[in-house]
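What follows is a short report on a single structure.
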Amino acid sequence: MTGCTGYAGYAVVGRLLRAAGAGPEVWIAAGDLAAWSAGLAAAGFRAVADPPAGVTLVDGAGLSGPAFRRLVLSLPPEGLLCAVGGEDVRECGYEVIAATGGCVLARGVAVPAPDVAGRAYEEDGAGLLDLRWSPDEVNWPDPDPREVWREMTAIAETARAYALHDPYGGRAGDVLSRCLGWPVEPDHVTFGAGVASLLRDLVPLADGGTVLVGRYGFADVPGWVTQARSPVRFFDDGGPGPSWCEELRRTRPSLVIADRPTQRGVVHPLGELATVLEEASRLGAIVVLDEANANYLEPGLSAVRLTGRHRNLVVVRGLSKGYCQGGLRVGYAVASAALTRRVRASVPALQTGEPAFQAGLRMLALPDPLGGLRSRIGLMRPRAVRVLTAFGLTPDPGHPSLPWVTAPSDAVERLAAHGVLAKRLRAGGRSSPDLAKIAVPLSDERAALLTEALSGERTATR
């Protein structure tokens with residue numbers, strides 16, 4: 001971006017701001033304060049001493065690339081940014097509104113506020129069929145993971161244990177190796193307080209660099225990234241591997257956080273992911289795959305097996321999905337030994353209490369307890385898709401082992417009018433539509449309720 005100075009420069013900035021309906025107050029964050037104040041005044045704007053909610057101007061012509069980037073990242077996220085000279089503001093989490101004569105007008109990319117994921121379930125669902133989640137999936141694992149609690153008779157003694165000798169749960173390596181069908185060494189695993197907590201703690205792996213986030217991923221991740229003062233960019237993590245590589249080359253992120261399977265039900269083949277990881281490694285990026293929902297897949301399909309050959313991969317899994325043990329707050333991350341040292345430097349030690357850790361290990365040691373659940377999902381998904389399609393929706397079912405489907409976002413309101421709650425998936429960034437996520441009823445009772453609700457014989461009471 002070339003510099004834009006002198007009276008002509010002030011006039012260009014004035015035209016840019018007027019065209020966007022911005023002003024009249026402008027805060028000058030960098031540049032010749034006296035000259036810009038006079039120039040803006042001549043253009044009909046007023047320089048102010050403190051950051052306004054309106055426009056912040058940065059004259060980056062005299063700043064180095066790193067200095068420009070640090071300054072832009074430190075600015076208040078509200079309002080508009082007018083950049084003169086300097087680097088590409090899109091790499092700092094802004095989207096360009098207009099550009100002319102070496103000047104750029106941009107605004108910060110809107111990201112969800114923290115704790116968005118928790119608030120998605122706050123709406124009262126009394127009297128409705130709640131398909132924002134799958135409470136009935138607890139009936140199908142075999143053997144039932146809940147039986148583990150009957151065996152744990154010495155809870156009080158277990159709770160006294162304080163695993164200072166193994167604060168990150170490396171002793172789980174043998175159990176994870178059998179569960180996932182791939183060798184997991186003790187120095188490759190890090191346990192934490194659930195998948196969400198681990199994702200939050202892994203954000204600093206970006207070290208201030210750009211973080212590339214899946215568009216429909218865990219809702220709080222973009223907010224955590226901005227809190228860490230890293231730029232956040234969104235991409236379609238449901239696209240094929242070549243599209244990932246193209247986005248990596250365009251964005252050059254330090255960290256990528258994506259779902260596998262994605263919320264739209266895409267499960268990228270391991271060979272395709274290997275190509276992505278090679279390109280990410282060439283560009284110096286770490287890739288974090290959130291496999292919280294991969295419990296629904298065959299255990300041998302986990303990307304954990306790629307950590308043996310790719311030193312830039314972290315795979316995060318937990319016990320919330322399928323095992324129905326979200327209240328345990330048990331999650332674990334698997335990576336190479338070298339990357340695990342960085343992971344453990346970012347994740348606080350002793351985050352998984354010993355009773356939860358021991359119960360979690362016993363559940364993970366069960367011989368594929370989710371096989372029965374996968375069979376039930378395979379039976380009930382087609383039934384739900386037929387009912388939703390007959391209702392006039394166009395569900396995108398995704399992978400057949402997953403207990404949900406997605407549909408265009410207007411399905412949320414349409415279903416609610418018939419007493420059925422669906423979850424709204426907010427798209428990160430501004431270029432993609434929101435989606436409706438609809439849990440598949442797994443019990444005969446809930447499936448019958450869905451059919452009844454959408455047959456036109458029943459309407460919502462509110």
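In this chain, residues are counted from 1 in sequence order.
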- [ ] Check the pair L442, R446 against side chain to side chain contact (heavy atoms under 4.5 Å, CB included), reporting the backbone distance first and the verdict last.
- [x] CA-CA 7 Å; L442 298 179; R446 279 167 58 85; over 6 Å; no

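- A centroid separation of less than 6.0 Å is found between the aromatic rings of F191 and Y332.
- E137 and K321 are not joined by a salt bridge, as no carboxylate oxygen comes within less than 4.0 angstrom of a charged side-chain nitrogen.
- The residues D444 and R376 are annotated as salt-bridged, a charged nitrogen and a carboxylate oxygen being separated by less than 4.0 angstrom.
- Closest heavy-atom contact between G360 and L319: CA-CD1, 3.5 Å.
- By the 4.0 Å N-to-carboxylate-O rule, E278 lies too far from R282 to be salt-bridged with it.
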Open item on the list: Run the side chain to side chain contact (heavy atoms under 4.5 Å, CB included) test on V314 and V334 for me, step by step, so that the C-alpha distance in whole Å, both residues' side-chain angles and the decisive distance to 0.1 Å come before the verdict.
Closed with: CA-CA 6 Å; V314 184; V334 181; over 6 Å; no

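- Here D368 pairs with R374 in a salt bridge; the nearest charged N to carboxylate O distance falls below 4.0 Å.
- Side chain of N312 to main chain of L277: a donor-acceptor pair is present (N/O by atom type, distance under 3.5 Å, no hydrogens or angles).
- Sorted by first and then second residue, the pairs that involve residues 266-286 and meet ring pair (Phe, Tyr, Trp, His ring centres under 6.0 Å), not counting sequence neighbours, are W244-H268.
- Scanning all heavy atoms of the two residues, the minimum distance from T307 to S336 falls at O-CB, 4.0 Å.
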- [ ] Please test L248 against V276 for side chain to side chain contact (heavy atoms under 4.5 Å, CB included), starting from the C-alpha separation and ending with a verdict.
- [x] CA-CA 9 Å; L248 287 168; V276 170; 4.1 Å; yes

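- Contact record, A447 with M380: CB-CE, 3.6 Å, taken as the closest heavy-atom pair.
- The nearest pair of heavy atoms linking I377 to P403 is CD1-CB, 3.8 Å.
- Heavy-atom minimum distance, A99 versus V104: CB-CG2, 3.9 Å.
- Evaluated for a side-chain contact (heavy atoms from CB on, under 4.5 Å) with V343, the options V316, L202, V288, I286 yield exactly one hit, L202.
- The closest donor-acceptor contact from the side chain of S230 to the backbone of T226 lies at 3.5 Å or more, if one exists at all.
- Under a 4.0 Å N-O distance rule, the pair D396/R264 qualifies as a salt bridge.
- Looking at residues two or more places apart in sequence or on another chain, you find no salt bridge (charged side-chain N to carboxylate O under 4.0 Å, His left out) involving R311.
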TODO: Might you work through the side chain to side chain contact (heavy atoms under 4.5 Å, CB included) test for R132 and I438, ending with a clear yes or no?
DONE: CA-CA 6 Å; R132 294 173 298 179; I438 308 163; over 6 Å; no

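- Residues satisfying the salt bridge (charged side-chain N to carboxylate O under 4.0 Å, His left out) criterion with D142, sequence neighbours excluded, are absent altogether.
- A salt bridge between E246 and R249 is absent, with no side-chain N of the basic residue lying under 4.0 Å from a carboxylate O of the acidic one.
- Formation of a donor-acceptor pair under 3.5 Å by the S375 side chain with backbone atoms of G371 is found in this model.
- The cationic atom of R107 (NZ for Lys, CZ for Arg) does not lie both less than 6.0 Å from the six-membered ring centre of Y94 and within 45° of the ring axis.
- Distance alone, capped at 3.5 Å, places no donor-acceptor pair between the D434 side chain and the S409 backbone.
- Side chain to side chain, Q325 and S320 fail the donor-acceptor criterion of an N or O pair below 3.5 Å.
- Aromatic pair Y296/H399: ring centres not closer than 6.0 Å.
- Between the side chain of R426 and the main chain of L435, no donor-acceptor pair closer than 3.5 Å is present.
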